[in-house]
Amino acid sequence: MDMSMDMDLSSGSSDSSSLSSSPDESILAEALSVHNKARKADACGSRCEAERLYHRALELIDPTICATHPTLASVWNDLGELYFHMGRFDDAEQWFGKSLDLSLSIRDLKVIATSRENLARVQRVKSELFKAKALRMLGAPDDMRCDNFACADGLLRSPNLSICGGCKKTFYCSQDCQRQDWERHKRRCHTRLG
């Protein structure tokens, strides 16, 4: 499941003509354009091109100027998503962590929830189920996601999720999602039972 954020990356402005013409804002507009191209490349499966474009967007963003801009957290989160899909979990963890730290400092609740959930996904893949559960419970009772990566539901409240009866660390929105995810989850679930 793609856990990337469904947000207007330009914070309400999708074309550079609506931004003022200061150098910082024109550079930010260019970074947003490159970021959007990276997301499209990733969606098309062009992982290497997406990686190149994400890093180009980061080169354009001056972190001393944009340290409180949600675009930086969004690029970091999306780069983490890319690395997660590429199986580069240590890299994904690094970028999700940076995104979470920044989004916490600027109090962007949607980016906080998405970055936290993505970081928990990395922990689950690494079989760090206690860490994953602890990260996810930080968002309880709101802003949690189903553990079935293919689930299309967005953020859910914890009363709308059921916990796995085996490991007690994995959350699902329905029995169908739990069944669909069983092939992936059963190795981790049973190792915790035994």
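Below, all heavy atoms of this structure are taken into account, side chains as well, without hydrogens, waters or symmetry copies. Keep in mind that this is a model prediction, so the values were computed, not measured.
Proximity of Leu28 to Thr71: side-chain heavy atoms (C-beta onward) are separated by under 4.5 Å at one or more points. Here the side chains of Tyr172 and Leu161 are not in contact, with every heavy-atom distance at 4.5 Å or above. Leu72 places a side-chain heavy atom less than 4.5 Å from the side chain of Leu58. No side-chain heavy atom of Gln178 sits under 4.5 Å from any side-chain heavy atom of Cys173. Using a 4.5 Å heavy-atom cutoff, the side chains of Asp90 and Lys126 are in contact. Taking the side chain as every heavy atom from C-beta outward, Arg124 and His185 never approach each other to under 4.5 Å. Contact of the Gln123 side chain with the Glu93 side chain is registered, since non-hydrogen atoms from C-beta on lie closer than 4.5 Å.
To the nearest 0.5 Å, atom CG of residue Leu82 and atom OG of residue Ser46 are 10.5 Å apart. From Ile27, atom CD1 reaches atom CD of Glu59 across 12.5 Å, with rounding to the nearest 0.5 Å. Taking CG from Leu100 and OG from Ser105, the interatomic distance works out to 10.0 Å, rounded to the nearest 0.5 Å. Between the CH2 atom of Trp182 and the CD atom of Gln180 there is a distance of 14.5 Å, given to the nearest 0.5 Å. Distance SG/Cys44 to CZ/Arg39: 13.0 Å, rounded to 0.5 Å. For the atom pair CZ of Phe96 and CH2 of Trp76, the computed distance is 14.0 Å after rounding to the nearest 0.5 Å.
Arg116 places a side-chain N or O within donor-acceptor distance of the main-chain N or O of Leu135, the cut-off being under 3.5 Å. Asn77 places no side-chain N or O within donor-acceptor distance of the main-chain N or O of Ala73, the cut-off being under 3.5 Å. Of the possible donor and acceptor atoms, one in the side chain of Ser103 sits under 3.5 Å from a partner among the backbone N and O of Ser99.
Counting heavy atoms of neighbouring residues, nucleotides and ligands inside a 6.0 Å radius, atom CD of Gln175 does not exceed 12 of them.
Remark: Gln94 pairs with Asp91, Lys98 by the side-chain contact (heavy atoms from CB on, under 4.5 Å) rule, at least two apart or across chains. Scanning for salt bridge (Lys or Arg N to Asp or Glu O under 4.0 Å) contacts around Asp176 gives Arg179, with sequence neighbours left out.
Leu119 approaches Gly97 most closely through the heavy-atom pair CD1-N, 4.2 Å. Contact detail for Cys164 and Cys167: the closest heavy-atom pair is SG-N, 3.7 Å. Of all heavy-atom pairs spanning Ala132 and Ala120, the tightest one is CB-O, 3.5 Å.
In summary, Glu51 and Arg88 engage in a salt bridge, as defined by a charged side-chain N under 4.0 Å from a carboxylate O. Salt-bridge annotation for Glu81 and Arg121: present, with a side-chain N of the basic residue lying under 4.0 Å from a carboxylate O of the acidic one. Under a 4.0 Å N-O distance rule, the pair Glu49/Lys37 does not qualify as a salt bridge.
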### Task
Walk me through it: do Tyr54 and Val34 pass the test side chain to side chain contact (heavy atoms under 4.5 Å, CB included)?
CA-CA 7 Å; Tyr54 281 130; Val34 172; over 6 Å; no
### Message
Applying side chain to side chain contact (heavy atoms under 4.5 Å, CB included) to Leu60 and Arg56, what does each step give before you reach the verdict?
### Response
CA-CA 6 Å; Leu60 291 168; Arg56 176 66 185 132; 3.3 Å; yes
### Task
Please assess Asp78 against Asp42 for the test side chain to side chain contact (heavy atoms under 4.5 Å, CB included), listing each intermediate value before the final yes or no.
CA-CA 9 Å; Asp78 288 350; Asp42 188 14; over 6 Å; no
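A perpendicular orientation is assigned to the rings of Trp95 and His55, their planes being inclined by more than 60° (bins at 30° and 60°).
Ring to ring, Phe89 and Tyr83 are not that close: their centroids are 6.0 angstrom or more apart.
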